[in-house]
*Asks:* 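First the structure, then my questions, so here it is.
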Number of protein chains: 2
Amino acid sequence: MAADEDSGDAAELDFWSFVDLAKRRLADEYGFRHQLATELLLTLNRAANIVTYDLEASVHRPRGRSWSGFRLLFVTWLAGPLEAKKAAELTGMSRAAVSNLAKTQVADGLLERMPAERDGRSVLLSLTERGRQEMVELFAEQNEREYEWATVLTEAEQRILVMLLDKLVTNRDQFDVRGRN
Amino acid sequence: MAADEDSGDAAELDFWSFVDLAKRRLADEYGFRHQLATELLLTLNRAANIVTYDLEASVHRPRGRSWSGFRLLFVTWLAGPLEAKKAAELTGMSRAAVSNLAKTQVADGLLERMPAERDGRSVLLSLTERGRQEMVELFAEQNEREYEWATVLTEAEQRILVMLLDKLVTNRDQFDVRGRN
DNA sequence: CAGAGTTAGTAAATGTATTAACTATATGAG
DNA sequence: CTCATATAGTTAATACATTTACTAACTCTG
């Protein structure tokens with residue numbers, strides 16, 4: 001029995017061999033049946049975390065920014081001016097998170113916030129001139145890094161991956177997915 | 001020109017039409033060339049966030065737990081006893097994050113922490129009996145929910161998705177990925 | 001028109017995540 | 001054997017994320 005098949009010796013495990021160990025033990029010792037589902041979601045979570053961390057560490061944090069801050073600026077850059085609640089929908093953040101991030105970015109001079117014309121409850125977010133310039137520079141770097149990641153896969157593989165991820169999350173009517181807001 | 005091709009009117013955008021708008025404007029107005037790469041990473045990030053949030057909201061938070069707490073218990077359950085640094089590697093968290101989460105879970109009676117035998121710097125993490133029981137119950141629910149997500153795709157599609165995600169993040173030698181620790 | 005119910009944004013409380021700084025321990029070169 | 005360097009874990013500071021509670025504004029029904 002190989003060393004890493006024995007749970008007493010985790011020293012040689014890496015993520016991939018841990019996933020194999022997890023599948024085996026969940027089925028053999030605990031009777032859980034949906035091994036491929038577990039592997040799928042472990043891998044999805046891991047891949048997204050690795051990529052996001054890399055983008056944040058190599059592009060955003062050196063500029064004193066954060067990944068979340070970038071995402072808010074990104075949707076405001078391309079779809080703005082827009083209501084804060086719409087920004088929350090497009091980024092997938094809660095309204096409170098958008099409110100807090102926007103506060104920081106208004107103070108930093110990258111965003112501006114205006115009362116909406118027809119709804120006294122709403123605010124509209126838009127980039128300042130400085131925010132637009134910053135996004136052009138920042139996204140130049142981000143896009144190159146995105147390209148480095150993506151071209152690990154062939155173009156056909158990239159398209160298939162996008163299609164499968166789309167399918168995974170758009171067929172949510174099949175069951176009651178818990179969403180934000 | 002359709003309403004949602006005009007950036008002044010974000011009201012009708014959803015995530016998918018936003019991605020289309022983003023690709024178009026990044027190419028046409030700003031000259032950024034790697035549209036498929038942007039789409040890929042936007043979709044990856046979004047899919048992982050949707051799934052993770054749903055699992056946390058429907059399985060973990062009702063039990064007073066968190067997604068991150070679950071992930072630490074999960075690797076300790078299946079690969080433990082193990083060093084805290086190995087738990088950090090397998091979960092993809094920083095060592096500080098593992099230290100902080102473990103502190104809470106030791107206090108909750110789910111984990112225990114022992115000095116390692118041969119290295120005075122290390123601690124070994126393992127589940128308590130109560131922690132093991134909790135993981136069996138919790139994972140029963142988690143695994144059913146994972147299955148509901150996964151079976152949105154056919155089994156062949158699930159395998160392809162896992163394979164593509166694996167490939168995306170294991171071919172990291174091609175460039176200097178920024179990782180944790 | 002009044003009032004009940006809903007919605008938008010914000011603040012507060014709480015938990016998670018990071019890095020830097022620190023202490024303690026281990027390792028290896030000279 | 002000494003000492004420089006590296007490593008493991010923890011703590012603190014800071015930023016991000018959530019939900020809850022609240023206020024203000026909007027909508028719809030009777």
Side-chain angles (χ1 to χ4, degrees), chain A residues 11 45 48-50 52-58 60-73 82-89 91-108 111 113-125 178-181, chain B residues 11 45 48-50 52-58 60-73 82-89 91-108 111 113-125 178-181:
Chain A
N45 185 261
N49 286 348
I50 288 172
T52 296
Y53 182 87
D54 172 74
L55 293 173
E56 184 168 33
S58 63
H60 301 288
R61 237 185 267 123
R63 294 168 168 270
R65 305 268 164 240
S66 66
W67 173 243
S68 295
F70 164 75
R71 289 165 63 223
L72 178 57
L73 293 174
L82 77 178
E83 295 181 330
K85 72 165 257 182
K86 182 56 64 175
E89 282 178 36
T91 55
M93 298 179 193
S94 64
R95 287 179 285 117
V98 170
S99 179
N100 282 328
L101 278 168
K103 177 195 293 181
T104 303
Q105 288 167 331
V106 169
D108 287 347
L111 268 187
R113 181 156 51 188
M114 293 176 288
E117 282 190 22
R118 294 195 190 81
D119 188 336
R121 300 170 295 180
S122 285
V123 299
L124 286 183
L125 302 175
R178 299 291 301 275
R180 289 178 170 83
N181 304 319
Chain B
N45 184 260
N49 286 348
I50 288 170
T52 296
Y53 182 87
D54 172 74
L55 294 172
E56 185 168 32
S58 64
H60 302 287
R61 237 185 267 125
R63 293 168 169 270
R65 305 271 164 234
S66 68
W67 172 245
S68 294
F70 164 75
R71 287 165 65 222
L72 178 58
L73 292 175
L82 77 177
E83 295 181 327
K85 73 166 255 181
K86 181 57 64 174
E89 281 176 39
T91 54
M93 298 178 193
S94 64
R95 287 179 284 119
V98 168
S99 179
N100 283 326
L101 279 168
K103 178 195 294 182
T104 303
Q105 288 167 330
V106 168
D108 288 345
L111 267 190
R113 181 159 49 192
M114 294 175 287
E117 282 190 21
R118 294 196 190 80
D119 188 336
R121 298 169 298 179
S122 286
V123 298
L124 285 182
L125 302 175
R178 298 293 300 276
R180 287 174 172 86
N181 305 319

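Note on naming: letters A, B, ... go to the chains in the order of the sequence lines (proteins, then strands), and numbering restarts at 1 for each one. Since we're looking at a predicted model, the values are computed, not measured.
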*Asks:* Calculate the interatomic distance between B:His60 atom NE2 and C:dT14 atom P; express it in whole Å.
*Replies:* 23 Å
*Asks:* So does A:Ser122 get a side-chain nitrogen or oxygen closer than 4.0 Å to the phosphate oxygens (OP1/OP2) of C:dA8?
*Replies:* no
*Asks:* Which whole-number value in Å describes the distance from B:Leu82 CG to D:dA8 C1'?
*Replies:* 14 Å
*Asks:* Just compare D:dA17, C:dA17, D:dG9 and give me whichever is closest to any side-chain atom of B:Arg71.
*Replies:* C:dA17
*Asks:* Once you round to the nearest 0.5 Å, how far does OH of B:Tyr53 lie from CZ of B:Arg61?
*Replies:* 5.0 Å
*Asks:* If you check every side-chain atom of A:Ser94, which of D:dC16, C:dA8, D:dT19 has the closest atom?
*Replies:* D:dT19
*Asks:* Can you check the A:Arg121 CZ to D:dT23 P distance for me, whole Å?
*Replies:* 17 Å
*Asks:* Report the distance from atom CG of B:Leu101 to atom C1' of D:dG9, rounded to the nearest whole Å.
*Replies:* 14 Å
*Asks:* Roughly how many Å is it from NZ in B:Lys86 to P in D:dG9, rounded to a whole number?
*Replies:* 11 Å
*Asks:* Do the charged groups of B:Asp108 and B:Arg65 touch, with an N to O distance under 4.0 Å?
*Replies:* yes
*Asks:* Work out which heavy atom in B:Val98 is nearest to a heavy atom in B:Ala88; give both atom names and the distance.
*Replies:* CG2-CA, 3.6 Å
*Asks:* Considering heavy-atom distances to DNA chain C, does B:Thr104 or A:Ala57 have its closest nucleotide positioned more toward the 5' end?
*Replies:* B:Thr104
*Asks:* What integer distance in Å separates B:Glu89:CD from D:dA8:C1'?
*Replies:* 12 Å
*Asks:* Donor-acceptor pair, distance only, cut-off 3.5 Å: does the side chain of B:Thr52 make one with the backbone of B:Asn49?
*Replies:* no
*Asks:* B:Tyr53 OH to C:dG15 C1': how many Å, rounded?
*Replies:* 14 Å
*Asks:* Between C1' on D:dG9 and CE on B:Met114, what's the gap in Å once rounded to a whole number?
*Replies:* 16 Å
*Asks:* State the CG-CD distance between B:Leu73 and B:Gln105, to the nearest 0.5 angstrom.
*Replies:* 4.0 Å
*Asks:* Closer to the 5' end of DNA chain D via nearest nucleotide, is it B:Arg61 or A:Ser66?
*Replies:* A:Ser66
*Asks:* State whether B:Lys86 and B:Glu83 are salt-bridged, where the test is any N-O pair (Lys NZ or Arg NE/NH1/NH2 against Asp/Glu carboxylate O) under 4.0 Å.
*Replies:* no
*Asks:* Answer whether the closest heavy-atom distance between the side chains of A:Leu82 and A:Leu124 falls below 4.5 Å.
*Replies:* no
*Asks:* Identify all pairs in which a protein N or O lies below 3.5 Å from an N or O of nucleotides 10-13 of chain D, and state each distance.
*Replies:*
| unit_1 | atom_1 | unit_2 | atom_2 | d |
| --- | --- | --- | --- | --- |
| D:dT10 | OP1 | B:Arg113 | NH1 | 3.0 |
| D:dT10 | OP2 | B:Ser99 | OG | 2.8 |
| D:dT10 | O5' | B:Ser99 | OG | 3.2 |
| D:dT11 | OP2 | B:Lys103 | NZ | 3.0 |

*Asks:* Just call it for A:Arg65: base, sugar-phosphate, or nothing, with non-hydrogen atoms closer than 4.0 Å on any strand.
*Replies:* nothing
